[in-house]
Amino acid sequence: MSRYNPKEVEPKWRARWDAAGAFRTSNDRKKPKYFVLEMFPYPSGRIHIGHVRNYAMGDVVARYKRACGFSVLHPMGWDAFGLPAENAAMQTGKHPRDWTLANIETMKEQLKSMGLALDWDREVATCNPDYYRWQQKLFLDFWKAGFVERRESYVNWDPVDMTVLANEQVIDGKGWRSGAPVERKKLSQWFFKITDKAEDLLAALDDGRLKGWPENVRLMQRNWIGKSKGLRMKFPFADGMKGPNGEDGLEVYTTRPDTLFGASFAAVAIDHPLAAHYAAKDKDLAAFIADCQKVGTSEEAIEKAEKRGYKLPLRIAHPFVDGRAFPVFVANFVLMNYGTGAIFGSAGHDQRDLDFARKYGLEVIPVVLPPGADPATFRVEDEAYVGPGTLFNSGFLNGLTIDEGIAAAIARIEEMGLGRGATNWRLRDWGVSRQRYWGCPIPAIHCEKCGVVPVQEKDLPVELPEVEASEFAIPGNPLTRTPEWLNVPCPECGGPGKRETDTMDTFVDSSWYFARFATRPETRPEGPVDRSDAGYWLPVDQYIGGIEHAILHLLYARWFTRAMKDTGHLSVDEPFENLFTQGMVTHATYRDEKGNWLLPEDVVVENGAARHAESGKPVAIGPIEKMSKSKKNVVSPEGIADKYGADAARWFMLSDSPPERDVEWTDAGVAGAWKLVQRIWDAVEPAEGALKRHDFSKPPAEADTPLRRATHETIAGVTDDIENFRFNKAIARIYAFLNVLKDAPPARREDGSPANGPRAEAYAQAEALGALVRLIAPFIPHLAEECWERLGGEGFVCDAPWPKADPALLVRSTLTLGVQVNGKRRAEIEVPASADNAAVEKAALSDPAVARHIDGLTLRKVVVVPGRVVNIVAN
RNA sequence: GCGGACGUGGCGGAACUGGUAGACGCAACGGACUUAAAAUCCGUCGGCCGCAAGGCCAUGGGGGUUCGAGUCCCCCCGCCCGCACCA
């Protein structure tokens, strides 16, 4: 027997596939179509093992669907704009474009070495002007359609470097380079008005349009969109006071108007107009606000910050209780962009309100009584009561449930003319402005006379100007320092204008790339997409990517698709018919004595202790985490492929862990996968030409053998597992089948009687091997091709039809059932599959072990679960 | 803090709508082959008691529903992901 050598075999088959154009998607629209797409990678430098997992999964689906007779589109591209390229420019002095393009080249080679069935002809890179010019066209169309708006919004501001920071560049509230505490700064920025479509984005989650999405992702999106019904109402100012612009009260939004009688304070956001008004006269308040501004813009940072407030010299009156009035605070936990930027606090029934009330010595008035509690003794101590109950201490609301109370309170407020029931969204409009060079330029020009005007379509693309690589070491956006690019005539009046220097969020780039893939490059139209091609291929039938994209990317792409439909580019409103979110690849983290992160390849682990491979110095083993460059817990697939081949790496990434769960990378795992590869080759090698010696449409007469049963059960099982994204189980099934194949005795019937001549035996073996090779082909395609050729299969195995299970061989004649006595398993019985419940019960009761356990007891009940188990209840 | 997942042998995991817990793989151990090693093959492999037959315990912890719970419900603990300028 010969050793299987992936180093020779794998490149050989890749070259043959290439030469035959095996994976170039045809424009043949007679076959049913199937568009399978994995989230395209950011070209960070090298492929890591997480990519291998993602793309191996997509490849299994693509190759499987192809075998099932679909015309499959399986393309690849690059999410090529973004911050890391500018960071690299700072560190290495390389231009972001050069760095990115070099990375793409490297990673493309690496991806190719995995043997993915990709149509590389359709490759796109978002940093290519060919791509982003059409994104600029879409931007202009959206602008015309009223989907785009400019408004003020906050950014993280580094006061030392005088530059805008991404959330990622804010570490513990400080600028990553300067170390200075980050401040918030208001800038005029571009927004996509995604909230205008909030209703439909939400509705589609539940009306069946996204039934191919995992429930948890739909739930997360539902919560993110966050539709709430509540009350927008005005609290009149007490003591005859007026607001800064003469208002007579404070407008708040609440989802719990039922708790109005428990109100003991109100609070406004630090950027609320009222706060600004008083801060103008009150230095301490101004200082308080400035202090609160020294926290990042991320919701997490705001929510985690200690709850703090500043009392305004202003009180508001309770709408229902004459003479009751309470204070108004400026508070850091109130968000300006939710509701009205002002709340009332009902401390008994909201934890944040309660914490705040305790801190500032405010009254806590419980108004919801838990079921069964005594109103005389019920107290709220450290924990707000947010459960169901009936209202008390609440005047006209007393005795009502929460829902009744909400309705009654809204009705009364509306009657009094103080407010109206209102729907509020948590979802905010999408701020797409980034004050950075390496992104798609926003096609707008600022003119002193005409204001902000769109670039004319004939002038697209607005290409990024050449700038020196050294520019990136200087804080701020290089685009603002490039006068020859910056200064252009106004397209409307011809007077002096300046280009918009903001570029687009890279999420814009990834919101429509799937549509760009629909057309072959040589027939791409003068436009973002070809309607006919997109109409044929979209929606994506199967989208696969990380769970970390569950909200932002997937929501933005859903909105973008709708916006493209509205502007006449597409005819669907949901881009992704089926979604699969795969888990991440994790690895232990390592740090040396000085706390520096170490690569796994530089660390030796023995008996649970780690040391540096070269110096031998001790290494601390940290928690198992998502692989990330910053913590260096990354594994390069190249070393793996070098040692074991791409097939083994693919096999390991798909075996063991369920695809939706995180998987920890281990060296032992790949070695095991490599053993499997060799095992399959060993089984196939001696059977040279076996497929040529049989007519598989005509099984021999005595055809019911254990091996044939196993073959057909495996075909049925693996098919079902692939359809349901249970690759780990498909693989376990293949192992089990190999065990049967290895031990396959001269073929016998199920009852053990020798039934077959050598011809039938050979038939069963050949059939088993032929099925095996086609079943493994989606997982380990190189080995499968080599085996297929060896067995004498026709053409490429990647073009061979998927094997079909013979239903007659899937039926069992006897069943093995467990027998329980009082829920504990005591025996096992074998019964004919046709036995009825009475016969099964009789067989169970007559089993000696069962008889022993029920001896002396009175039989109460016998539960027979057909095909499963018998439970005898006796005492 | 808010939202979403997850927790089963030494390890990754399997167990279909509540029905025989531990499939399959890895590691480990014992043996065969070999001058030796690698590779390969055969066997053992949740814990405890027992010569055995068999019994008891066991799915993060505690309670509940049920003839029957890894699976459903309540409480608690732990870990991971996302939180709008990372992609």
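Convention: sequence-line order gives letters A, B, ...; per-chain numbering from 1. Fair warning: this is a prediction, and the values are worked out from it, not measured in the lab.
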Please pick, from [options], the nucleotide with the shortest atom-to-atom distance to any side-chain atom of [X].
X	options	value
Glu168(A)	C81(B), C85(B), C86(B)	C86(B)
Glu300(A)	C26(B), G4(B), C83(B)	C83(B)
Val869(A)	A84(B), U20(B), A87(B)	U20(B)
Ile547(A)	G1(B), C81(B), A87(B)	C81(B)
Leu219(A)	C67(B), G4(B), C85(B)	G4(B)
Tyr556(A)	C83(B), C85(B), A87(B)	C85(B)
Val164(A)	C85(B), A84(B), G3(B)	C85(B)
Pro84(A)	C86(B), C24(B), A5(B)	C86(B)
Thr816(A)	C86(B), U20(B), C42(B)	U20(B)
Glu299(A)	A84(B), C67(B), C16(B)	A84(B)

Could you give the [atom1]-to-[atom2] distance, from [X] to [N], as a whole number of Å?
X	N	atom1	atom2	value
Arg436(A)	C85(B)	CZ	P	10 Å
Lys742(A)	U40(B)	NZ	C1'	11 Å
Lys186(A)	C85(B)	NZ	P	17 Å
Met220(A)	A5(B)	CE	C1'	7 Å
Ile551(A)	A84(B)	CD1	P	10 Å
Asn837(A)	G19(B)	CG	P	17 Å
Asp350(A)	G1(B)	CG	P	14 Å
Trp430(A)	C83(B)	CH2	C1'	17 Å

Q: Kindly confirm or rule out a cation-pi arrangement of Arg150(A) over Trp190(A), judged by NZ or CZ under 6.0 Å from the six-membered ring centre and within 45° of its axis?
A: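 Yes; both conditions hold, so Arg150(A) lies above the ring face of Trp190(A).
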Q: Identify whether NZ of Lys or CZ of Arg in Arg352(A) sits under 6.0 Å from the centre of the six-membered ring of Phe333(A) and within 45° of that ring's axis.
A: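 No cation-pi geometry.
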Give one of base, sugar-phosphate or nothing for [X], where a contact means two heavy atoms less than 4.0 Å apart.
X	value
His553(A)	nothing
Lys824(A)	sugar-phosphate
Val863(A)	base
Pro658(A)	sugar-phosphate

Any N/O donor-acceptor pair, [X] side-chain to [N] base, under 3.5 Å:
X	N	result
Gln820(A)	C67(B)	no
Gln189(A)	C85(B)	yes
Asn167(A)	C85(B)	no

Respond yes when some side-chain nitrogen or oxygen of [X] is under 4.0 Å from OP1 or OP2 of [N], and no when none is.
X	N	result
Ser655(A)	G25(B)	no
His853(A)	G54(B)	no
Arg826(A)	C56(B)	yes
Lys729(A)	C16(B)	no
Arg661(A)	A14(B)	yes
Asn739(A)	G25(B)	yes
Ser298(A)	C83(B)	no
Lys185(A)	C85(B)	no

Q: Select from Trp224(A) and Val217(A) the residue whose nearest nucleotide in RNA chain B is closer to the 5' end of that strand.
A: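 In this pair, the answer is Val217(A).
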Q. Starting at the 5' end of RNA chain B, which residue's closest nucleotide do you reach first, Arg428(A) or Asn728(A)?
A.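 Nearer the 5' end of the strand: Asn728(A).
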Looking only at atom [atom1], what distance separates [N] and [M], rounded to whole Å?
N	M	atom1	result
C67(B)	G30(B)	C1'	44 Å
C81(B)	C26(B)	C1'	27 Å
C57(B)	A39(B)	P	42 Å
C85(B)	U71(B)	P	41 Å
G7(B)	G13(B)	P	9 Å
G3(B)	G55(B)	C1'	48 Å
G60(B)	G78(B)	P	16 Å
C76(B)	G4(B)	P	16 Å

Q) Which pair of heavy atoms, one from Met39(A) and one from Gly546(A), lies closest together, and at what distance? A)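 Answer, listing the atom of Met39(A) first, then Gly546(A): SD-N, 3.8 Å.
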(Q) Run through RNA chain B and report every stem of 3 or more consecutive Watson-Crick or G-U pairs, distances under 3.5 Å, ordered by first number. (A) B:1-4 with B:80-83, B:10-12 with B:24-26, B:28-32 with B:40-44, B:46-49 with B:54-57, B:60-64 with B:72-76
Q: Walk me through it: do Phe40(A) and Tyr513(A) pass the test ring-ring contact (aromatic ring centres under 6.0 Å, His included)?
A: CA-CA 9 Å; Phe40(A) 65 168; Tyr513(A) 73 107; 3.7 Å; yes
Q. How are the rings of His48(A) and His51(A) set to each other: parallel, tilted or perpendicular (split at 30° and 60°)?
A. tilted
**Q.** Qualifying residues under salt bridge (charged side-chain N to carboxylate O under 4.0 Å, His left out), relative to Lys197(A), sequence neighbours excluded
**A.** Asp566(A)
Q) Which way is the base of G9(B) turned, syn or anti, if we draw the line at 90° from 0? A)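 Judged by the O4'-C1' to base torsion, G9(B) sits in syn, the angle falling within 90° of 0.
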Q.
Would you say that Leu738(A) contacts Val740(A) through its side chain, given a criterion of any heavy-atom pair below 4.5 Å between the two side chains?
A.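 No, side chains not in contact.
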Q: Could you walk me through whether Tyr556(A) and Trp512(A) pass the ring-ring contact (aromatic ring centres under 6.0 Å, His included) test, one step at a time?
A: CA-CA 10 Å; Tyr556(A) 291 149; Trp512(A) 68 285; over 10 Å; no
**Q.** is_close_aromatic(Phe191(A), Trp430(A)), centroid dist under 6.0 Å
**A.**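 Here the rings of Trp430(A) and Phe191(A) have centres that are no less than 6.0 Å from each other.
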Q) How would you list, by chain and number, every residue that makes a ring-ring contact (aromatic ring centres under 6.0 Å, His included) with Phe727(A), sequence neighbours excluded? A)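 Scan of Phe727(A) (ring-ring contact (aromatic ring centres under 6.0 Å, His included), adjacent residues dropped) gives Phe725(A).
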**Q.** Full working for salt bridge (Lys or Arg N to Asp or Glu O under 4.0 Å) between Arg308(A) and Glu306(A)
**A.** CA-CA 6 Å; Arg308(A) 299 165 65 201; Glu306(A) 189 199 356; 5.0 Å; no
